[in-house]
Amino acid sequence: MAHVLVVRMTIKEGEEERAFDVARRLVEATRTEPGNVLYIAHRDPEDPRVLLMYEQYEDAAAFEAHGQAEHFKDLGLGQLFPLMEHRERAIYETLD
């Protein structure tokens, strides 16, 4: 079973383009991680302040390693998170 995280974020008004730029860089860096299966950023077509991240890792250990990666600490924690107004997380496992 793969480890999946779905995160829905509302970006602070006026920070949308900055946040989406950081998210694109975070996607690019995360996709190089050995345990990463999928890492996709989505923008809500009806609310331009909403960013949804779909993350899939080989297992929970790969997910934990992502949280310790320097690019996540810099881009995620250091740059993207401060631009958020609200964040919701949900963790899943694939059925296979």
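Note that the structure is a prediction, hence the values are computed from the model and not measured.
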Strictly distance-based, threshold 3.5 Å: is any side-chain N or O of T30 a donor or acceptor partner for the main-chain N or O of V27?
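Judged by distance alone, no pair lies under 3.5 Å.
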### Query
Does E16 use its side chain to pair, donor to acceptor, with the backbone of G14 at less than 3.5 Å?
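Pair found, side chain donor or acceptor close to backbone of G14.
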Under the rule for salt bridge (Lys or Arg N to Asp or Glu O under 4.0 Å), what residues qualify as partners of [X], not counting sequence neighbours?
X	value
E85	R49
R25	D21
R31	none

Partner set under side-chain hydrogen bond (donor to acceptor under 3.5 Å, both in side chains) for [X], not counting sequence neighbours:
X	value
Y92	none
D59	none
T94	D96
E33	H66, H71

* Spell out, yes or no, whether L38 and M53 are grouped together once hydrophobic residues are joined by side-chain heavy atoms under 4.5 Å, including indirect joins. =>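 Each belongs to a different hydrophobic cluster.
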Sequence neighbours left out, what passes side chain to side chain contact (heavy atoms under 4.5 Å, CB included) with [X]? Give chain and number order.
X	value
E70	K73
A65	none
R18	E15, L83

Are V7 and R87 packed together at the side-chain level, in the sense that at least one heavy-atom pair is separated by less than 4.5 angstrom?
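Yes, at least one pair of side-chain atoms sits under 4.5 Å.
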Flag the pair L5 / R89 as yes when at least one side-chain heavy-atom distance between them is below 4.5 Å, and no otherwise.
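Answer yes - side chains close enough.
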*asked:* Filter on side-chain hydrogen bond (donor to acceptor under 3.5 Å, both in side chains), then keep only pairs touching residues 35-47, sequence neighbours left out; what's left?
replied: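 Listed once each, the pairs are E17-R43.
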Which pairs, with at least one residue in residues 3-24 and sequence neighbours excluded, count as a ring-ring contact (aromatic ring centres under 6.0 Å, His included)?
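Those involving residues 3-24 are H3-F63.
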